[in-house]
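Following: one structure in structure tokens, then a few remarks.
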Amino acid sequence: MKRRKFIERSSLTGIGIVFSSTVINASPLQNFNQKQMNKFPITIATWNFPNASKRAGELLSQGANALDAVEQGVMVEEADIRNTTVGKGGAPDRDGNVTLDACIMSASGNAGAVVYLKHTSKAASVARKVMEETPHVMLAGEGADLFAIQQGFEKEELFTESSKADYQEWLKKKEYKPIINIENHDTIGMLCIDKNGDLAGACTSSGLSYKINGRVGDSPIIGSGLFLDNEIGGAVATGMGEAIMKSVGSFLIVELMRQGKSPQEACEEAINRIIKANPNTYKEFQAAFIAINKKGEIGSHCIQKGFSYVKYQADKNENILSSYNF
Ligand code: ASP
């Protein structure tokens, strides 16, 4: 029997057994669900991107579904040239190429991703087109750019004057040591739960500044930068993509929540595994997760102090400092 069918049938049976007598008013189970539903919609996003969470949150309040909200929300940062690690204005690789990576996931478990996108800032939207218009999950490089143009996306120059100036400075030193919490860590990962209690998520990034040409991080990798299961919850990541990929962190968090851990406990466990796997280097990089479950409970944890996330709920935007190990 398919899992969803099994759950539907067993929950129906459960209600039958518990509430089969003369219950006329709302059952305790329904009350509980109603209580949960009152928390919705909710938007959370990595780092302090209040304009992005507000955009998604307002759309959700107007009745938008989670997928539309998450796409429009992250697009705010993709278009902001002041953000040097997402979309237009992103820092280039060592050879001067600005390349974008993104993925998106819907409540149905469908997913799309793009990597090494060079000519369109709306990377999460292109990922959504891959999800909805192709039989594939991921498109890369030239093929991804061509697909975007065919889908009607405008061809853009992503390398801004300011990023070019920073790059020229970088070329003089050629140092490759990201400053924790400042440089390289502004990827936006967003999770939305809409009024119906359905989830969607997106993660979009220009990746590590001054990476080797061709490098792809965790952000577009389903299971690493983003994962969700509409029965359980979702998680997104930011920070050193190599460490996050090796731990398949977002998938791990959702699976830990499935086993009964709270979003906070699950995020802590995922960070502890990264620390354990990198005993000699973990103090030199940041890795952070945020997660939400179907009850609307939120968790967040990171290696180094300084990571925060935004939550938009009930018309209020809040920037919340994450718990950390060091
Ligand atoms: N996770 C991203 C990457 O490794 C970087 C970031 O979060 O800023 O590509």
Side-chain angles (χ1 to χ4, degrees), residues 44-49 52 74 77-78 80 82-94 97-105 113-118 121 123-124 127 138 140-141 144 158 163 166 176-191 201-227 235-253 267 270-271 274 277-278 281-282 284-291 300-304 306-310 322 324:
I44 55 171
T46 54
W47 302 104
N48 190 12
F49 293 130
V74 298
E77 283 309 313
E78 290 176 330
D80 188 343
R82 290 165 305 177
N83 184 336
T84 57
T85 58
V86 180
K88 195 171 173 130
D93 63 25
R94 294 171 195 197
N97 306 290
V98 179
T99 63
L100 308 182
D101 304 326
C103 70
I104 197 159
M105 255 191 115
V114 283
V115 300
Y116 206 85
L117 194 69
K118 276 172 101 174
S121 66
M138 183 182 281
L158 303 180
S163 292
D166 290 345
Y176 190 67
K177 200 162 187 285
I179 305 164
I180 291 162
N181 291 327
I182 299 173
E183 196 183 306
N184 280 335
H185 296 302
D186 285 325
T187 291
I188 181 161
M190 182 180 280
L191 295 162
C203 191
T204 177
S205 180
S206 55
L208 295 184
S209 312
Y210 316 125
K211 59 197 173 186
I212 294 175
N213 183 4
R215 180 263 186 194
V216 172
D218 62 305
S219 306
I221 309 294
I222 298 296
S224 292
L226 163 71
F227 192 72
V236 284
T238 180
M240 192 55 77
E242 282 70 9
I244 295 162
M245 285 157 92
K246 285 185 264 186
S247 70
V248 201
S250 295
F251 179 74
L252 172 66
I253 289 169
C267 288
I271 289 294
I274 289 178
N278 299 275
T281 53
Y282 68 86
E284 288 157 29
F285 64 85
Q286 177 65 293
F289 294 100
I290 59 172
S300 160
H301 198 64
C302 61
I303 302 180
Q304 328 275 352
F307 167 68
S308 68
Y309 66 96
V310 275
S322 170
Y324 53 89

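Order of listing sets the numbers, starting from 1, for every ligand and every atom in it.
With ligand atoms numbered from 1 in the order given, ligand 1 contributes 6 (C), 7 (O), 8 (O) to contacts under 4.0 Å with heavy atoms of T238. Taking every non-hydrogen atom of S219 and a distance limit under 4.0 Å, the qualifying atoms of ligand 1 come out as 1 (N), 2 (C). Here is the list of ligand 1 atoms found below 4.0 Å of a heavy atom in G241: 4 (O). Listed by atom number, the atoms of ligand 1 under 4.0 Å from T187 heavy atoms are 2 (C), 5 (C), 6 (C), 7 (O), 8 (O).
Pairs of residues two or more places apart, or lying in two chains, never qualify as salt bridge (Lys or Arg N to Asp or Glu O under 4.0 Å) while including a residue from residues 243-252.
In terms of polar-atom proximity, defined here as any N/O pair under 3.5 Å, M240 makes no such contact with ligand 1. The shortest N or O to N or O distance between R215 and ligand 1 is below 3.5 Å.
Panel note: side chain T46, backbone T187; a donor-acceptor pair is recorded below 3.5 Å. A donor-acceptor contact shorter than 3.5 Å is absent between the side chain of S205 and the backbone of V86. Between the Q304 side chain and the Q286 main chain, no donor and acceptor come within less than 3.5 Å of each other. Listed for the D101 side chain is a donor-acceptor partner under 3.5 Å among the backbone atoms of Y116.
Remark: D93 engages no residue in a salt bridge (Lys or Arg N to Asp or Glu O under 4.0 Å) (not counting sequence neighbours).
With atom 2 (C) of ligand 1 as the reference point, the heavy atom nearest to it among G90, G207, G239 is part of G239.
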